[in-house]
K.L.:
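Please see the structure below; I have some questions.
Reminder, nothing fancy here: chain letters follow the sequence lines and each chain counts from 1. Model, not experiment: these values are computed from the prediction.
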Amino acid sequence: MSEQEREARRARLEALRSEGVDPFPATVGAWLPIGELRERYEPMDSESLEAEAQSVAVVGRIMASRSFGKLLFLRIVEAGESIQVSAKKNQLDDATFRFIRDLDVGDFVRFEGNLWRTKTDELTVDATSVRLLSKSLRGLPEKWHGLSDVEIRYRQRYLDLLVNEDARRIAVVRSRTVSAMRRFLDARGFLEVETPVLQPLYGGAAARPFTTCHNTYDQELYLRISDELYLKRLVVGGLDRVYEIGHDFRNEGVSRKHNPEFTMMECYQAYADYRDIMELVESMVRSIAMEVRGTLQIEYDGEKIDLAGAWPRIPLCQAIDEATGVDVLACEDVDSLRAAIRKKKLGPGDSSTWATLVDDLFSDHVEPTLVQPTFITDHPVELSPLAKRSQDDPRLVERFEPFIGAMEIGNAFSELNDPDDQRARMEEQLRSQAEGDEEAHPVDEDFLRALEHGMPPTGGLGMGIDRLVMILADAPNIREVILFPHLRSEIR
RNA sequence: GGGCGCGUAGCUCAAUUGGCAGAGCAAGGGACUCUUAAUCCCUAGGUUGAAGGUUCGAUUCCUUCCGCGCUCACCA
């Protein structure tokens, strides 16, 4: 039973206490990082180590132990680096030897000792003294097969991180991705800002929000679905280049690509348009990939992906035409487009509006093919209430979405700064909301007032950090790149 | 939310047609001074996710519920 091992460990804990040993001491004492130790001593052979005869101190968590009666080998890990520790009965007093022998896998310890090499040439710290740093009361998952139960891996991520190298690797890739992104944006003169998560009105994306309530103000609030409208207010206020990295919350289903709470980077650049932002995305992804992976040729889901160079720019309607033979721009209304879809036998075409039919065609026939980095540009205006109209075709907007690995990793446009057009589009959204579209935006009068004060021509970008990390870490599921992904409550 | 699948010891997995729930690792005891999945001997460890039902008998068949996965819908 699970109790069995825990009782044994508790018994040892009590035994230590009764001997006057603090199982959870406050101080550690000086120690040498294992990584540094390896760097310094790995090149040295047995004789030079012996000649050096210098005592070292290491700390770490015991991950394995093997006993030969009068000789013990332990493996300790600290900061992802590990080293072997030996304890020899004939070189230690009885109490110290017994103390080391009775340590459990999982305990944190500090050893002092001398370096030597075993018969198999392994660099090893031969312990001369030991100090317990923290007692572990539960065993680690199995050492050979490891931990593969997906539910435990997500719920008890600390175990996953301890025993599965890949979990640790992905966490590192994620951290480095975010810091590389910050460095890139900072270097381009962007200012990192923070805007409200709790908002009286939500907007900036097509999604249903989470709702909450402020008790003392008796005020209904929404967890933000995007940062967009606040960041644009800052551009109105003269912060010409701003970005924010934070969580957005969308009250929708979960999938391989969707977590209800996810990390978004949004940036806005005044005096720029969506073409400038395309250049920014190409440069940023290249820069991050070089820092994180050291190469622009990566593999995702078994496909080789080349992040170098300029990415193809394909207008959305053209991409649909090429994939399906349906020229959506030639179909003036819902009915003619639906007729064209049925004529090509591309499915029922049961969405209710022209724009959503276009969206469906794209999702079904184009998106799965966008494995190499690609910009899909010039979306229908109905799908993009916050983007500026295209100069060439008023039915389209200056917008693009970068795709990698058949996954949309961002969304960008020349920001709509005409307050009257913006008002008209928001009111259009209101009408579709009345018709049952639960994801339509409400009208944000405060935002419209800001636009009336004047916003410079601005290019804006939102990028899904989780998905970018999936690409860079070659992770097939968004839950692998989120340390604590959303799961149903364990306790009902 | 729909469909399909899964849930057995701390971990990884077995269990014939419905017929006494088992192994390896981990744990406890013992042997062992060169292991790195150490080896060898012994021991203990289970409400088979939960609750019902069918049956002489259920891990196995049925129903409901809980959780997880895949998938569709939703969703950028």
K.L.:
Below 3.5 Å, does any donor atom in the side chain of A:Asp149 face an acceptor in the base of B:rU12, or the other way round?
P.N.:
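Check fails, no donor-acceptor contact within cut-off.
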K.L.:
Answer with base, sugar-phosphate or nothing: what part of the nucleic acid does A:Asn477 contact at a heavy-atom distance below 4.0 Å?
P.N.:
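If one applies the 4.0 Å heavy-atom cut-off, A:Asn477 turns out to touch the sugar-phosphate alone, with no base involved.
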K.L.:
Would you mind classifying the nucleic acid contact of A:Ile152 as base, sugar-phosphate or nothing, using non-hydrogen atoms under 4.0 angstrom?
P.N.:
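Here A:Ile152 touches the backbone only, sparing every base.
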K.L.:
Can you measure A:Phe68 atom CZ to B:rC34 atom P for me and round it to whole angstrom units?
P.N.:
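It works out to 6 Å between those atoms.
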K.L.:
Determine the Euclidean distance between corresponding C1' atoms of B:rU55 and B:rC42; express it in Å to zero decimal places.
P.N.:
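That atom pair is separated by 40 Å.
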K.L.:
For a quick check of understanding: with a heavy-atom distance under 4.0 Å over all strands, which category does A:Gly146 fall into, base, sugar-phosphate or nothing?
P.N.:
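Sugar-phosphate contact only.
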K.L.:
Under 4.0 Å, heavy atoms only, any strand: does A:Arg75 hit a base, just the sugar-phosphate, or nothing?
P.N.:
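The answer is base, as A:Arg75 lies within the cut-off (heavy atoms under 4.0 Å) of a base atom.
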K.L.:
Taking atom types as they are modelled, would you say the side chain of A:His145 forms a donor-acceptor pair with the base of B:rC11 within the 3.5 Å cutoff?
P.N.:
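Absent.
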K.L.:
Classify the ring geometry of A:Tyr222 against A:Tyr202: parallel below 30°, tilted from 30° to 60°, perpendicular beyond 60°.
P.N.:
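Geometry flag for A:Tyr202 against A:Tyr222: perpendicular rings.
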K.L.:
I'd like to know whether CZ of A:Arg10 has more than 12 heavy-atom contacts from other residues, nucleotides or ligands below 6.0 angstrom.
P.N.:
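Atom CZ in A:Arg10 is not packed in, count stays at 12 or less.
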K.L.:
How would you label the contact of A:Arg153 with the nucleic acid (heavy atoms, under 4.0 Å): base, sugar-phosphate, or nothing?
P.N.:
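Counting heavy atoms under 4.0 Å across all strands, no contact is made by A:Arg153.
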K.L.:
So for atom CD, which belongs to A:Glu50, do other residues, nucleotides or ligands contribute more than 12 heavy atoms lying within a distance under 6.0 Å?
P.N.:
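No, not enclosed.
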K.L.:
Taking any strand in view, what nucleotide pairs with B:rC11 in a Watson-Crick or G-U wobble way, both distances under 3.5 Å?
P.N.:
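Checking every strand shown, B:rC11 finds its partner in B:rG24, with both distances under 3.5 Å.
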K.L.:
Nearest whole Å is fine: how far is B:rC72 P from A:Asp360 CG?
P.N.:
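Value for this atom pair: 14 Å.
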K.L.:
How many angstroms lie between CZ in A:Arg155 and CZ in A:Phe484, if you round to the nearest 0.5 Å?
P.N.:
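Taking CZ in A:Arg155 and CZ in A:Phe484, the distance rounds to 12.5 Å.
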K.L.:
Is it the case that more than 12 heavy atoms not belonging to A:Glu299 sit under 6.0 Å from its CD atom?
P.N.:
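Above 12, so yes.
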K.L.:
Determine which nucleotide pairs with B:rG18, using a 3.5 Å limit on both distances of a Watson-Crick or G-U wobble pair.
P.N.:
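Base partner found: none.
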K.L.:
Looking only at the side chain of A:Phe73 (C-beta and beyond, no hydrogens), which of the listed nucleotides B:rU35, B:rU33, B:rG67 gets closest?
P.N.:
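Within the option list, the nearest is B:rU35.
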K.L.:
Looking at B:rU35, does its base get a donor-acceptor pair with the side chain of A:Glu122 below 3.5 Å?
P.N.:
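A donor-acceptor contact between them is absent.
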K.L.:
For A:Ser363 and A:Arg256, find the nucleotide of RNA chain B closest to each by heavy atoms; which residue's nucleotide sits nearer the 5' end?
P.N.:
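In this pair, the answer is A:Arg256.
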K.L.:
Rounding to an integer number of angstrom, what distance separates B:rU54 and B:rA9 when you compare their C1' atoms?
P.N.:
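The same atom, C1', in both gives a distance of 29 Å.
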K.L.:
Can you tell me the base-pairing partner of B:rG67? Count Watson-Crick or G-U wobble geometry only, both distances below 3.5 Å, and say none if there is no partner.
P.N.:
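When the pairing criteria are applied, B:rC6 turns out to be the nucleotide that pairs with B:rG67.
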K.L.:
Between B:rC74 and B:rC20, how far apart are the P atoms? Round to whole Å, please.
P.N.:
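Looking at atom P only, B:rC20 and B:rC74 are 50 Å apart.
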K.L.:
Could you please name the option among B:rC68, B:rA27, B:rU35 that lies closest to any side-chain atom of A:Glu151?
P.N.:
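Looking only at side-chain atoms, A:Glu151 lies closest to B:rC68.
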K.L.:
Mind checking the P distance from B:rG49 to B:rC11? Whole angstroms is fine.
P.N.:
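Roughly 13 Å separates the two P atoms.
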K.L.:
Would you check if there is a donor-acceptor pair between the side chains of A:His247 and A:Thr263 at a distance under 3.5 Å?
P.N.:
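Result is yes, a qualifying pair exists.
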K.L.:
Counting only Watson-Crick or G-U wobble pairs whose two distances fall under 3.5 Å, which nucleotide matches B:rA31?
P.N.:
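Pairing partner, where one exists within any strand: B:rU39.
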K.L.:
Does A:Glu165 have more than 12 heavy atoms from other residues, nucleotides or ligands lying within 6.0 Å of its CD?
P.N.:
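Result for CD/A:Glu165: open.
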K.L.:
When rounded to the nearest Å, what value does the distance between P atoms of B:rA51 and B:rU43 take?
P.N.:
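Pairwise P distance, B:rA51 against B:rU43, rounds to 32 Å.
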K.L.:
Between A:Arg12 and B:rG28, is there a contact of a side-chain N or O with OP1 or OP2 at under 4.0 Å?
P.N.:
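Yes, A:Arg12 has a side-chain N/O under 4.0 Å of OP1/OP2 on B:rG28.
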K.L.:
Does any donor-acceptor pair link the side chain of A:Ser148 with the base of B:rU12 at a separation under 3.5 Å?
P.N.:
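No, the side chain and the base share no sub-3.5 Å donor-acceptor pair.
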K.L.:
Say we look at B:rU48 and B:rC13: how far apart would their C1' atoms be, to the nearest angstrom?
P.N.:
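Per the computed distance, 14 Å lies between those C1' atoms.
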K.L.:
Write down the distance separating the C1' atoms in B:rU59 and B:rA21, rounded off to the nearest Å.
P.N.:
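Comparing C1' positions in B:rU59 and B:rA21 gives a spacing of 8 Å.
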K.L.:
Considering every strand shown, what is the Watson-Crick or G-U wobble mate of B:rG52 when both distances are under 3.5 Å?
P.N.:
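For B:rG52, the partner nucleotide comes out as B:rC62, under the 3.5 Å rule.
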K.L.:
Rounded to the nearest angstrom, tell me the gap between atom CG in A:Leu162 and atom C1' in B:rA26.
P.N.:
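Interatomic distance, CG of A:Leu162 to C1' of B:rA26: 15 Å.
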K.L.:
On a whole-Å scale, what distance lies between the P atoms belonging to B:rA23 and B:rG57?
P.N.:
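The same atom, P, in both gives a distance of 28 Å.
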